[in-house]
Amino acid sequence: MGAAPAEPQLVADFKTWLRKHRGASDATVRLYARDAAGLMMELRSDPAGWRPNDVRSYFLERASNSGSGTIEKITTSLRAFLRYLAVAGRCQAGLEGAVPAYAHWQLADMPRYLSTEQVDRLIAACDGDAGARRRDRAIVLLLVRLGLRAGDVAQLRLTDIEWQTGSLRVCGKSRYEVRLPLPQDVGDAIAAYLECRPSTRRNDVLFLRTIAPCRPFRRGDGISSVVKRIMKRADIVPPVKGAHALRHTAATEMLRHGVPLDKIGLVLRHRGIDTTAYYAKADVALLKQVAQPWPEAL
């Protein structure tokens, strides 16, 4: 079996740039580098000689064999790589415009969240004094009360909890650090877990796996797997797999309690109000108040 082809130097430099200047996570770097390497392997020639039709043809070929989620990722990664090459003087400026926009209508689908009754069942499924149940309860409450991403939870450290001020430091996408208020029930759940958390001298990561040697979760995938198991235990069929449904749920609950969209956006660390507005459609009762009656047919 032959050895894997060597990574192009431009791709290696691109990965370094993503980490240093964009604060990209390891998962994002791997994804972007894979698509960048695919583009270079297909076009082969020096990027200085690439033309818009070359890039567009490559993208359309990839898109014809991919689902909508994959197409969106390819669009983002290729545009980022082409912008990097242009900044580095390795290809003509504006070449990222040759990657067509994927026709996905913003706000076209409804948010994917759990009902209040399902949230109660999910939390109840974590009842018990066993260490695993205490950990699961703290994880679920962090996700459903603060809308953290699974990766945020996996990266939390003991020093991120500021007990005196009742706040939590979170460093999410692009390494942007924020402080969020720590709700009473979330703090109580974390404190209960810390009473039985396995001791380890090697790191101060908050949440550990329950199977010896009780290592920390490396990525958000592990947290999502925990959530999936709890949902199965609670007999809940989620609208979307993994922990992201709880982020949607957190935003929806805040909206129902009258929290303004801009405040919800601050908690969820959205870059634009349009992203936060996505969750407004969940408030069906509010929509009924503002909807105009359909005119009678003449």
Side-chain angles (χ1 to χ4, degrees), residues 25-28 30-31 67 69 110-158 160-161 168 170-173 180 182-200 202-254 268 279 282:
S25 67
D26 290 342
T28 298
R30 285 194 298 271
L31 174 65
M110 288 294 289
R112 299 165 290 182
Y113 61 93
L114 302 186
S115 67
T116 302
E117 185 269 337
Q118 287 176 316
V119 171
D120 292 340
R121 280 164 49 199
L122 191 67
I123 297 173
C126 303
D127 287 347
D129 290 329
R133 293 296 180 98
R134 293 188 184 191
R135 183 204 65 185
D136 291 355
R137 184 182 184 87
I139 288 174
V140 166
L141 288 175
L142 279 167
L143 293 168
V144 82
R145 299 286 191 251
L146 294 177
L148 299 187
R149 300 180 178 93
D152 298 336
V153 176
Q155 295 169 14
L156 282 177
R157 296 184 176 275
L158 297 173
D160 291 330
I161 308 170
L168 184 73
V170 179
C171 185
K173 287 185 176 181
L180 299 176
L182 188 64
Q184 185 66 47
D185 59 346
V186 180
D188 291 343
I190 293 175
Y193 167 61
L194 290 178
E195 291 177 356
C196 60
R197 174 183 176 274
S199 59
T200 173
R202 288 179 291 182
N203 58 70
D204 67 341
V205 174
L206 176 57
F207 293 111
L208 304 175
R209 298 181 183 274
T210 56
I211 300 176
C214 300
R215 295 189 178 94
F217 294 95
R218 294 181 60 188
R219 296 187 297 272
D221 292 348
I223 297 296
S224 284
S225 295
V226 169
V227 173
K228 290 176 187 177
R229 289 196 296 270
I230 302 171
M231 286 186 174
K232 185 176 181 180
R233 198 159 66 223
D235 196 24
I236 294 173
V237 179
V240 59
K241 294 182 179 179
H244 206 64
L246 301 188
R247 182 169 169 83
H248 285 254
T249 303
T252 303
E253 286 298 310
M254 283 187 273
L268 298 185
Y279 300 98

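Heavy atoms only: backbone and side chains are in, while hydrogens, waters and symmetry mates are out. For reference, positions follow the sequence shown, starting with 1.
- Here Gln155 contributes atom CD and Ser25 contributes atom OG; the two are 8.0 Å apart, rounded to the nearest 0.5 Å.
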Test log, rule side chain to side chain contact (heavy atoms under 4.5 Å, CB included), inputs Leu158 and Leu194: CA-CA 9 Å; Leu158 297 173; Leu194 290 178; 3.6 Å; yes
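- Leu168 contributes atom CG, which lies 5.5 Å from atom CG of Leu156 (distance to the nearest 0.5 angstrom).
- Between Leu114 and Val144 the shortest side-chain heavy-atom distance does not fall below 4.5 Å.
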Audit row: Asp188, Leu141, side chain to side chain contact (heavy atoms under 4.5 Å, CB included) steps and yes/no: CA-CA 10 Å; Asp188 291 343; Leu141 288 175; over 6 Å; no
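- Within the structure, ring-ring contact (aromatic ring centres under 6.0 Å, His included) pairs that include any residue of residues 202-233 comprise Tyr193-Phe207 (at least two apart or interchain).
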Test log, rule side chain to side chain contact (heavy atoms under 4.5 Å, CB included), inputs Ile161 and Leu206: CA-CA 9 Å; Ile161 308 170; Leu206 176 57; 4.1 Å; yes
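- Remark: Asp185 engages Arg145 in a salt bridge (Lys or Arg N to Asp or Glu O under 4.0 Å) (not counting sequence neighbours).
- A 4.5 Å side-chain heavy-atom check between Glu253 and Thr116 finds at least one atom pair inside the cut-off.
- Applying the side-chain hydrogen bond (donor to acceptor under 3.5 Å, both in side chains) test to Arg197 and every residue at least two apart in sequence or in another chain returns nothing.
- Note that CG of Leu31 and CG of Asp26 are 12.5 Å apart. Values are rounded to the nearest 0.5 Å.
- Ser225 pairs by the side-chain hydrogen bond (donor to acceptor under 3.5 Å, both in side chains) definition with nothing, not counting sequence neighbours.
- The stretch residues 115-125 participates, sequence neighbours left out, in these salt bridge (Lys or Arg N to Asp or Glu O under 4.0 Å) pairs: Glu117-Arg121.
- In this structure, the side chains of Leu122 and Leu246 come closer than 4.5 Å at one or more pairs of heavy atoms.
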Worked verdict on Leu146 versus Val170 for side chain to side chain contact (heavy atoms under 4.5 Å, CB included): CA-CA 11 Å; Leu146 294 177; Val170 179; over 6 Å; no
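- Residue pairs meeting the ring-ring contact (aromatic ring centres under 6.0 Å, His included) criterion with at least one member in residues 114-140: none, sequence neighbours excluded.
- Listed by chain and residue number, nothing satisfies the salt bridge (Lys or Arg N to Asp or Glu O under 4.0 Å) test with Asp235 (two or more places apart in sequence, or in another chain).
- Side-chain contact between Leu143 and Arg247 is absent, with no heavy-atom pair separated by less than 4.5 Å.
- Every residue two or more places apart in sequence or in another chain that forms a side-chain contact (heavy atoms from CB on, under 4.5 Å) with Val205 is listed here: Arg157, Asn203, Pro216.
- The distance from atom CG of Asp160 to atom CG of Leu180, rounded to the nearest 0.5 Å, is 11.0 Å.
- With sequence neighbours excluded, no residue forms a side-chain hydrogen bond (donor to acceptor under 3.5 Å, both in side chains) with Arg135.
- Remark: Ile223 CD1 to Asp136 CG distance equals 9.0 Å, nearest 0.5 Å.
- With sequence neighbours excluded, the residues forming a side-chain contact (heavy atoms from CB on, under 4.5 Å) with Ala125 are Ile230, Arg233, Ala234, listed by chain and number.
- Between Gly131 and Cys196, the closest heavy-atom pair is CA-SG, 3.5 Å.
- Listed here is the closest heavy atom pair of Ser224 and Ala243: OG-N, 3.4 Å.
- For Asp127, the side-chain hydrogen bond (donor to acceptor under 3.5 Å, both in side chains) partners two or more places apart in sequence, or in a different chain, are Arg137.
- Asp221 is linked by a side-chain contact (heavy atoms from CB on, under 4.5 Å) to Arg219, counting only residues two or more places apart in sequence or in another chain.
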